[in-house]
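Before any comments, here is the structure.
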Amino acid sequence: MPVSKRVTFIYRNYEGLGIGYLASYVRSLGHKVQLVLYPDPWADTYIKQKDKDSPMTGRLRTRVDRELLREIVEFDPHLVCFSTVTDDYQWCSATAALIKAHTTARVIFGGIHVSSVPERVIQNPAVDFLGLGEGERALGTLLEGLDDWQSGAELAIPGIWYRRGGEVHAHGHGEAIQDLDNLPFPAKDLFYDRLPGLSRTYTIMSSRGCPYQCTYCYNSVMLPLFRKDGKWMRQRSVDNVLDELKWAVRQFHPRHFLFFDDVFASSAKWVADFSERYKREVDVPFALVTEAVVLKDEVVAQLKSAGLVNVQLGVQTLNEDSKERISRPESRSQLERAFTALNKYGVHYQIDHMLGIPGESDADQRQALEFYNQYRPDIVSVFWLKYYPKLPIISFAMEKGILQPSDIEDIEEGRNEASYLFGGNAPDFKSWLGYNALFGWLNFLPRMVVKFFLPRHRAQWVATSSFFFSSSLPRLLATVFRRPDFRGRDHVRRTVQQLVYIGKLSWRDWLRQRRLSGRAAAQTLVKEAPSLPPMSTTTAPVERMPVSGRPYLGRRSGGKVYGAVETRSFGDGPQ
């Protein structure tokens, strides 16, 4: 058997389901696992403040980074793993470089960004390995051969790339694991130990992949790579999913479940079996993410009877030409069918609408507003088009002059700082701000009020560049007044817990730095003292000093304090 390795997983902000699966898999092979969760609420557009770059925020980040780096150094990992999305790529690179400067660990980057542009990421000096595709088995094989690789041996693991001696060793695009039932359940405890409130809603995926290729979505890059090796859209068995849910109830006592599949309920037969057994064997309220094409009346009825309370589905646009351009799968009649069924069975539903699609006009937004006003979804979430590496829609944007060749490097290097929650890469985003506000407030406004703003240009009367008033405030009110919107309340709780987590890390770092300062001062006094007076003279306790965490007992003589300083190791140098 190979020697057990210490593996550190780095993640930013909340829970990463992919990290949970990877950690659980390598644990099952006998390796030791550490999760280091970096909190960054300032990266969340919903709560971003103007002082995110203030000196106070900078000091907090410094303390958090220092405390978490200390944890990594003490764990002394053999391998540090980053799950990398494009928006975090620059942060992951800087953090990896810092870790490599303080440890002997090797670093591997995986995730969507890596699978999209591996030829670019492999040149990153902070990265030793890339993991393309779904990495459970590849990571296990890498850990088994890591010692041999460090001794000079070559590795030929599908999906694992590395650079040695200036030469890139590339081994394909990895795999899309077909037998999902054979994977261990994700290591949720790693995240719950850091942010206990996450356990209120247990996130799960009953499938992997998506049958559609929307041109603005990563699936349009992944599906062509993997479908020739097998299915990209893969479904776990009902037995396996229910086994995980029952295990989660026993272990973590969640109040809700959230199915994060790209398209839940893609098989009507699977849904019928699942719905009948879920109510009997689990019976916990749940939410899901899906598409309108699968939400027929009987499917919604079955899921509602099982415990469905909350649905999120994409719409993006009502313009048929735009739908074809971005390869959206649903027709208007399918949207009408889905909305009617959700309203009929009283299911709280949130729809996603996209602003900034090239070629769309003011009339397209009025059409969407009129349609939503007719069916009144509980929440209309606006997402602005943002360009990510290798997406097919990039070609269309370049044809229209929205993007220039010089923009591609920034996109692929993760330097495109536009927010998909506000503004995105739309060159004329200000012209859509009125609709952004009306979509956000739609369900709080009477139908007649919404109709009043439908005539041309009236939407601009409520245009605002304040993300808080157009989006955050109505979203916050929805969490307060709509009980089924537990996902919104979860987001608020996560943010609060993040701030508490930051406070704990900062407090620990402050105490540690104070102890170090106290020890340095005491050591200086000892060094300057010519000799220690005999202990037979009268002594008196002096004030407590933070030396090794114990009271310092010394004696006063001539206005100075003398005594012995204990030396102990706390993992951050002699103390």
Side-chain angles (χ1 to χ4, degrees), residues 17-18 21 85 111-112 115-116 132-134 173-181 183 203-238 240-241 258-275 286-300 302-303 308 311-318 320 322-339 341-342 349-354 357 383 385 388-393 396:
L17 200 50
Y21 271 108
V85 296
I112 295 300
S115 291
S116 299
L132 279 66
E134 293 174 351
H173 55 254
E175 68 171 332
I177 297 173
Q178 300 294 306
D179 51 337
L180 299 180
D181 283 8
L183 294 175
T203 56
I204 179 174
M205 292 184 72
S206 69
S207 63
R208 290 187 181 181
C210 178
Y212 309 117
Q213 291 183 261
C214 301
T215 62
Y216 58 84
C217 174
Y218 79 97
N219 277 299
S220 63
V221 178
M222 297 297 109
L223 195 151
L225 291 177
F226 293 103
R227 64 182 167 190
K228 59 180 176 290
D229 301 326
K231 295 180 179 178
W232 174 239
M233 176 69 187
R234 292 143 292 147
Q235 180 73 63
R236 296 166 60 186
S237 69
V238 173
N240 184 249
V241 171
L258 171 58
F259 289 90
F260 251 143
D261 305 46
D262 287 330
V263 184
F264 186 88
S266 59
S267 165
K269 183 178 182 300
W270 190 96
V271 169
D273 186 15
F274 168 82
S275 299
F286 66 94
L288 57 85
V289 179
T290 191
E291 297 290 356
V293 291
V294 304
L295 290 181
K296 300 176 182 178
D297 185 280
E298 60 271 21
V299 169
V300 177
Q302 290 166 350
L303 292 171
L308 176 64
V311 168
Q312 178 181 356
L313 67 155
V315 177
Q316 317 311 349
T317 181
L318 271 293
E320 293 301 326
S322 292
K323 280 186 177 294
E324 184 177 352
R325 190 179 305 128
I326 64 176
S327 300
R328 284 298 303 172
E330 71 285 316
S331 64
R332 184 182 179 112
S333 62
Q334 288 172 324
L335 286 172
E336 291 171 345
R337 182 190 65 192
F339 286 18
L342 292 167
Y349 64 108
Q350 166 185 334
I351 62 103
D352 299 339
H353 181 84
M354 183 176 290
I357 299 174
F383 293 92
L385 180 60
Y388 287 100
K390 303 297 184 181
L391 294 179
I393 200 171
F396 183 77

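Only a predicted model underlies this, so the values are computations on that prediction, with no experimental measurement involved.
The two residues N219 and C210 make their nearest non-hydrogen contact at ND2-CB, 3.4 Å. Shown here for L391 and T215, the closest heavy-atom pair between the two residues is CB-O, 3.5 Å. Across all non-hydrogen atoms, the minimal contact from I357 to L385 is CA-CD2, 4.2 Å. Here the closest non-hydrogen pair linking L313 and V311 is CD2-CG1, 3.9 Å. The minimum heavy-atom distance linking C214 with S327 is given by the pair SG-O, 3.7 Å. Annotation for L303 and S275: closest pair CD2-OG, 3.6 Å, computed over non-hydrogen atoms.
Here the options are D262, V263, D261, the test is side chain to side chain contact (heavy atoms under 4.5 Å, CB included), and the partner is S207; only D261 passes.
Proximity of I204 to F260: side-chain heavy atoms (C-beta onward) are nowhere separated by under 4.5 Å. In this structure, the side chains of W232 and L225 stay at 4.5 Å or more apart for every pair of heavy atoms. Side-chain contact check for L295 versus T290: some heavy-atom pair is nearer than 4.5 Å. E324 places none of its side-chain heavy atoms less than 4.5 Å from the side chain of E320. Using a 4.5 Å heavy-atom threshold, the side chains of Q334 and P329 count as separate. Inter-residue side-chain proximity for S206 and W270 is flagged as met; some heavy-atom pair is nearer than 4.5 Å.
Remark: K323 engages E330 in a salt bridge (Lys or Arg N to Asp or Glu O under 4.0 Å) (not counting sequence neighbours).
Centroid-to-centroid, the aromatic rings of Y218 and Y388 stay 6.0 Å apart or farther.
One finds the CD1 atom of I351 at 8.5 Å from the OH atom of Y349 (value rounded to the nearest 0.5 Å).
Side chain of Q312 to backbone of D352: no donor-acceptor contact under 3.5 angstrom is found. With hydrogens and angles disregarded, a donor-acceptor distance shorter than 3.5 Å links the side chain of E134 to the backbone of I177. Side-chain atoms of Q178 come within 3.5 Å of backbone atoms of A176 as a donor-acceptor pair (strictly under, hydrogens ignored). Not a single donor-acceptor pair under 3.5 Å links the side chain of D273 to the backbone N or O of V238. Distance alone, capped at 3.5 Å, places no donor-acceptor pair between the S115 side chain and the I112 backbone. At distances below 3.5 Å, at least one donor-acceptor pair connects side-chain atoms of R337 with backbone N or O atoms of V293.
R328 and Y216 are linked by a side-chain donor-acceptor pair at a separation below 3.5 angstrom, with hydrogens and angles left out of the test.
In this structure, F264 and F274 have perpendicular ring planes: the angle between them is above 60°, well past the 30° mark.
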Requested in this report: Might you work through the side-chain contact (heavy atoms from CB on, under 4.5 Å) test for V271 and K296, ending with a clear yes or no?
Outcome: CA-CA 11 Å; V271 169; K296 300 176 182 178; over 6 Å; no

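For the pair R208 and Y21, the cation-pi criterion (under 6.0 Å, within 45° of the ring axis) is fulfilled.
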